[in-house]
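We name chains A, B, ... by the order of the sequence lines, and we start the count at 1 in each one. None of the values given here were measured: they were computed from a predicted structure.
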Amino acid sequence: MDRQQVAEAFEEMADLLEFRGEEPFKVRAYRRGAEAVRRSPEELAVLRGEGRLHELPGIGKALEEKIGELLDRGTFRALEELKRSVPAGMEELLAVPGLGPKTAARLYRELGIKDRAGLAAALEQKRLRDLPGMGERREQQLREALAARERLTSRHPLSETLPLAEALVEEVRRLPGVRQVAVAGSIRRFRDTTGDIDLVAEAADPEAVGRAFAASGRVSRVLALGEVRARVILAEGIQADLWAVAPGGFPAALHHATGSKNHSVRLRSLARQLGLTLNEYGIFRGEESLAVRSEEDIYRHLGLPFIPPELREDSGEIEAALAGQLPELLNPADILGDLHVHTDWSDGQRSVDEMAAAARELGYRYLAICDHSRSLGVAHGLDGERLARQREEIAAVNAAHPEFRLLAGVEVDIRMDGSLDLPDAVLAQLDFVTASIHAGLGADRAIQTRRLVRAMENPHVDAIGHPTGRILGRREPYELDLEEVVAAAARTGTALELNAQLSRLDLSTEHLRLARERGVQVVVNSDAHGVEGLRNMVFGVRSARRGWLGRAQVRNARPWTAD
DNA sequence: GCCGTTTTCGGCCCGACTGTTTTCAGTCG
């Protein structure tokens with residue numbers, strides 16, 4: 001069992017406990033345990049072997065034992081017992097928005113409803129409205145939720161939600177009386193997938209802004225509309241929340257809406273220990289409101305340094321802040337070059353010269369041309385001879401611009417056996433070699449891992465491109481033992497790419513943190529296929545920040561030296 | 001079930017919104 005599966009077992013346990021009406025804090029303990037397991041930088045079996053499972057935050061004696069059982073048998077006794085006492089369809093019922101454990105338990109007890117089909121039938125027969133505390137509107141609400149649930153996938157890739165969020169910001173900005181507006185939530189934290197879009201606006205008449213937003217042509221359905229919050233489903237099928245607050249309330253509201261929930265819970269708990277109350281309106285000592293003119297003020301009142309949004313996941317940032325050990329995170333201005341771009345020699349749209357000019361305009365000191373190698377026929381991959389000719393073009397640019405260094409590189413294909421698509425003699429003549437997998441994506445874990453490790457053992461390979469191959473929302477990562485890959489990267493001194501394309505963001509946050517802990521260099525690359533693509537870099541920087549990376553860990557945040 | 005610069009027991013974040021009530025329970029983030 002891997003971390004994901006253990007986490008899912010704990011989440012299932014939490015759902016079942018909730019249905020049974022157990023102590024909410026016990027439910028939360030399982031949820032928190034699931035989070036901790038999912039985010040563990042190390043394999044559970046390794047931690048267990050070393051007796052260090054309890055070092056994960058939220059894993060105590062009981063959960064430690066259950067992880068042991070899960071690793072040995074794939075399940076644990078308490079879960080098996082609970083499963084026997086709860087109808088099998090209950091989890092899908094609890095997944096219906098607006099239908100929680102209390103209602104689910106009642107529906108089961110009083111109407112014998114035990115799955116979604118049963119709920120649909122009962123709604124059809126209008127049997128819910130006769131229960132005390134239920135009514136026609138509640139039936140209608142559930143009917144809509146059930147229908148929406150069929151359509152909506154729960155999370156959306158950032159590549160979809162970020163542009164949409166930015167478009168919404170512009171629309172809200174134009175609503176009457178709006179003074180400022182910003183994207184919050186998981187998009188601001190730059191999670192690679194997001195469940196909804198969160199916006200915060202400040203206006204003289206906040207309620208009117210919420211109403212205007214809900215009435216916008218982009219909205220297909222209004223879920224809730226109150227004094228401070230409008231919650232809607234957009235035409236795209238994505239949920240959007242707008243918090244609208246009165247002048248002065250912006251920083252506290254932005255902080256609240258940015259979350260994460262777990263980060264906020266920890267901060268509020270910290271506030272309570274200090275005799276303070278933290279909520280979306282500010283921070284209070286009794287009746288007295290403490291000054292909050294910026295998010296920094298909130299942290300200052302709690303005795304903490306500012307924690308950037310990308311770190312707010314309760315994955316160690318609060319402990320680090322308390323200890324004065326928050327990392328110095330990478331900034332866009334730290335990026336001195338881009339080590340992975342394509343040109344019209346392969347599948348790019350622009351010439352070598354045009355890409356170099358665009359890079360100089362961005363203030364870069366160097367740029368590596370890394371077109372595809374020959375086996376990628378669809379991309380007009382280059383062989384040794386064409387690469388040699390391309391090098392002449394690169395040399396001409398370098399002669400004309402001595403202050404800027406254009407590097408001759410390649411994105412060489414890694415074959416099934418881990419050998420490379422170009423001979424060593426060709427690779428030896430290049431400044432920067434990125435090796436990537438583009439075919440044989442379905443090979444098993446051992447083969448994929450071996451492929452990457454062997455590629456890294458080639459002394460000419462400087463970096464591994466998009467190491468896990470995922471395309472967010474479309475393609476799962478290859479089967480891969482990432483820990484072994486990271487270990488090999490450390491051993492061979494190979495950098496791992498953080499591919500900045502929004503649809504990739506590969507490596508993921510967790511993998512970046514692992515690379516950091518193991519002392520592996522990361523190279524943040526745009527993988528641009530045109531001039532505009534160079535601007536992907538900012539996405540890469542924000543992802544790098546989520547992985548706690550600073551200049552020291554990022555290859556292209558340092559001047560170019562051939563090493 | 002977890003956890004400890006108040007605690008090894010007794011806490012565990014805080015408020016918006018809805019529907020069905022007339023002061024609140026349930027759900028959500």
Q) Can you list the steps and then say if Y299(A) with H255(A) is a ring-ring contact (aromatic ring centres under 6.0 Å, His included)? A) CA-CA 10 Å; Y299(A) 291 98; H255(A) 185 267; 5.2 Å; yes
Q. Start at the 5' end of DNA chain B and walk down; is the nucleotide closest to F25(A) or to V228(A) reached first?
A. F25(A)
Q) Going by atom types only, do T509(A) and R546(A) share a side-chain donor-acceptor pair under 3.5 Å? A) yes
Q: Could you list by number each residue of residues 26-36 of chain A showing a heavy-atom separation from DNA chain B of less than 4.0 Å, or answer none if no residue does?
A: K26(A), R28(A), A29(A), Y30(A)
Q.
Quick one about Q140(A) and R137(A) (side-chain donor to acceptor, distance below 3.5 Å, no hydrogens or angles considered), yes or no?
A. no
**Q.** Spacing of the P atoms in dT21(B) and dT8(B) (rounded, Å)
**A.** 46 Å
Q. Which of these nucleotides, dC17(B), dT20(B), dT6(B), is closest to any side-chain atom of R229(A)?
A. dC17(B)
(Q) Strictly by Watson-Crick or wobble contacts shorter than 3.5 Å, is anything paired with dT27(B), and which nucleotide is it? (A) dA16(B)
Q.
Before you tell me yes or no, could you show the steps for R268(A) and N279(A) under side chain to side chain donor-acceptor pair (under 3.5 Å), namely the whole-Å CA-CA distance, both residues' side-chain angles and the distance that decides it to 0.1 Å?
A. CA-CA 8 Å; R268(A) 286 169 183 176; N279(A) 60 30; over 6 Å; no
Q: Could you tell me whether R231(A) contacts a base, only the sugar-phosphate backbone, or nothing, with contacts defined as non-hydrogen atoms closer than 4.0 Å?
A: sugar-phosphate
Q. Of the candidate nucleotides dG15(B), dC2(B), dT20(B), which contains the atom at the shortest distance from the side chain of N279(A)?
A. dG15(B)
Q) Salt bridge check: are R52(A) and E55(A) linked by an N-O gap of less than 4.0 Å? A) yes
Q | 5'-most by nearest nucleotide on DNA chain B - P101(A) or G135(A) | A | G135(A)
Q: Write down the distance separating the P atoms in dT7(B) and dA16(B), rounded off to the nearest Å.
A: 33 Å
